[in-house]
Amino acid sequence: MKLQGKTAIVTGAASGIGRAIAEQLAREGAAVAIADLNLDAARAVADAIESGGGRAMALAMDVTDERAVDEGTDEVARTLGGVDILVSNAGIQIINPIEAYSYADWKRMQAIHLDGAFLTTRAALRHMYRDNRGGTVIYMGSVHSHEASPLKCAYVAAKHALLGLARVVAKEGGPRNVRSHVICPGFVRTPLVDRQIPEQARELGISEEEVVRRVMLGGTVDGVFTTMDDVAQTALFLCAYPSAALTGQSFVVSHGWYMQ
């Protein structure tokens with residue numbers, strides 16, 4: 001039980017990568033807050049964790065709403081006994097070429113991926129700094145935190161920005177026993193990625209099979225999608241790491257799709 005006695009908040013945890021991480025942390029002893037826009041789905045995940053012997057709570061949270069983030073984080077600290085881990089995972093995808101990308105979509109992407117990361121970090125740090133409790137902040141980046149792809153201007157910009165935020169958290173948080181990391185997955189076969197396949201096929205003028213084979217898996221060493229378990233195991237490793245030796249660093253989990 002590597003995380004026994006720890007409390008974690010995972011955003012976007014009602015499904016996909018966020019759920020896989022929340023369940024993994026719970027299996028290792030952490031009490032986990034399942035923070036998501038979809039409260040019913042969050043409750044289902046929390047109930048599943050508790051039925052398996054873990055400790056969890058569901059939390060309705062819009063990560064772009066300052067008040068909701070601050071009040072929700074405070075509620076987690078009261079209910080579960082503090083905040084030791086934040087996994088800022090909530091995200092969406094909207095693809096379009098730059099000349100057709102609406103400003104409203106651009107602002108929505110930055111609000112969820114970047115403003116949400118800032119707001120949840122600020123709220124969590126207030127608890128992590130208290131009595132020098134310390135903690136771990138993990139951002140869900142992407143291989144697109146390090147390189148670019150067509151049609152993803154807002155996503156790539158936001159994911160690049162998370163590297164800078166994580167480095168500042170590492171510098172400021174270090175003396176307070178807080179460390180930060182960015183996990184950068186390759187393509188993970190989630191509903192978010194599945195929706196991109198026909199969209200990219202249409203924009204690139206290729207078949208859906210070619211999108212999978214050439215765009216999503218063409219750069220891997222084994223032709224295999226990154227799995228949710230790949231990402232969850234990486235999050236567990238970072239949460240349980242015993243020192244700040246790795247703080248401020250990004251970790252690419254992509255089956256070789258991108259190599260630093």
Side-chain angles (χ1 to χ4, degrees), residues 2-3 6 8-13 16-28 30 32 84-91 93 113-114 116-118 120-121 124-125 128 134-149 152 155-174 177-190 192-193 216-217 219-260:
K2 297 176 182 178
L3 302 178
K6 302 294 186 182
I9 300 174
V10 184
T11 67
I17 292 173
R19 176 172 184 166
I21 291 173
E23 291 175 338
Q24 182 64 59
L25 300 186
R27 281 194 293 271
E28 291 295 335
V32 183
D84 302 287
I85 296 164
L86 167 67
V87 181
S88 176
N89 167 77
Q93 181 61 281
H113 287 272
L114 193 53
F118 163 72
T120 54
T121 299
L125 287 180
M128 293 177 180
T136 303
V137 178
I138 294 177
Y139 300 102
M140 194 52 58
S142 166
V143 288
H144 291 103
S145 295
H146 294 281
E147 63 176 49
S149 290
K152 297 181 178 181
Y155 183 84
V156 170
K159 293 303 187 182
H160 271 63
L162 289 178
L163 298 178
L165 177 59
R167 290 164 184 160
V168 174
V169 173
K171 293 286 188 180
E172 290 188 7
N177 197 30
V178 172
R179 58 183 188 261
S180 66
H181 313 285
V182 186
I183 299 176
C184 299
F187 285 98
V188 180
R189 200 69 187 262
T190 63
L192 188 71
V193 166
M216 295 184 170
L217 299 180
T220 66
V221 300
D222 53 9
V224 174
F225 277 100
T226 301
T227 68
M228 288 185 281
D229 188 61
D230 291 334
V231 181
Q233 291 291 343
T234 304
L236 172 61
F237 168 76
L238 294 171
C239 288
Y241 199 78
S243 77
L246 303 177
T247 194
Q249 303 300 312
S250 65
F251 298 83
V252 178
V253 186
S254 69
H255 289 242
W257 195 91
Y258 174 83
M259 300 183 189
Q260 291 179 294

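Treat the numbers as computed from the prediction; the structure is a model and nothing was measured.
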Evaluation steps, side-chain contact (heavy atoms from CB on, under 4.5 Å), between Thr11 and Thr120: CA-CA 9 Å; Thr11 67; Thr120 54; 4.1 Å; yes
Nearest-0.5 Å distance that lies between atom CG in Asn177 and atom OG in Ser243: 10.5 Å
Side-chain donor or acceptor of Ser180 paired with backbone N/O of Ala166 under 3.5 Å: yes
Within-4.5 Å side-chain heavy-atom neighbours: Lys171 and Val168: no
Side-chain heavy atoms of Gln93 within contact of Thr190, under 4.5 Å: no
Step-by-step side-chain hydrogen bond (donor to acceptor under 3.5 Å, both in side chains) determination, Thr136 to Tyr241: CA-CA 10 Å; Thr136 303; Tyr241 199 78; over 6 Å; no
Check: Glu28 side chain, Leu3 main-chain N or O, donor-acceptor pair, under 3.5 Å: no
Which atom of Ile183 lies closest to which atom of Leu238, heavy atoms considered: CG1-CD1, 3.9 Å
Heavy-atom closest contact (Gly18 atom, Val10 atom, distance): O-CG1, 3.6 Å
Within-4.5 Å side-chain heavy-atom neighbours: Met259 and Val252: no
Positive for side-chain contact (heavy atoms from CB on, under 4.5 Å) with Met140, one of Val182, Leu162, Ile21: Ile21
Check: Ser149/Tyr155 side-chain N/O donor and acceptor closer than 3.5 Å: no
Val137 side chain reached by Met128 side chain, heavy atoms, under 4.5 Å: yes
Leu246 side chain reached by His181 side chain, heavy atoms, under 4.5 Å: yes
Exercise: identify the closest heavy-atom pair between His146 and Cys184: NE2-SG, 3.8 Å
From Asp230, Thr227, Thr226, residue fulfilling side chain to side chain donor-acceptor pair (under 3.5 Å) relative to His255: Asp230
Pro185 to Gly141 - nearest heavy-atom pair and separation: CD-O, 3.4 Å
Contacts of type side chain to side chain donor-acceptor pair (under 3.5 Å), residue Arg19, not counting sequence neighbours: Glu23
Whether Thr247 side chain and Ala170 backbone form a donor-acceptor pair below 3.5 Å: no
Flag side-chain contact, heavy atom, 4.5 Å: Leu125 against Val178: yes
Minimal non-hydrogen separation, Ala235 against Ile138, with atom names: O-CD1, 3.8 Å
Whether Phe187 and Trp257 hold their rings parallel, tilted or perpendicular, with breakpoints at 30° and 60°: perpendicular
Nearest atoms (heavy-atom pairs only) where Ala158 meets His113: CB-CB, 3.7 Å
Enclosure of Lys6 NZ (heavy-atom neighbours >12, cutoff 6.0 Å): no
Main-chain N/O of His160 paired with His144 side-chain donor or acceptor, under 3.5 Å: no
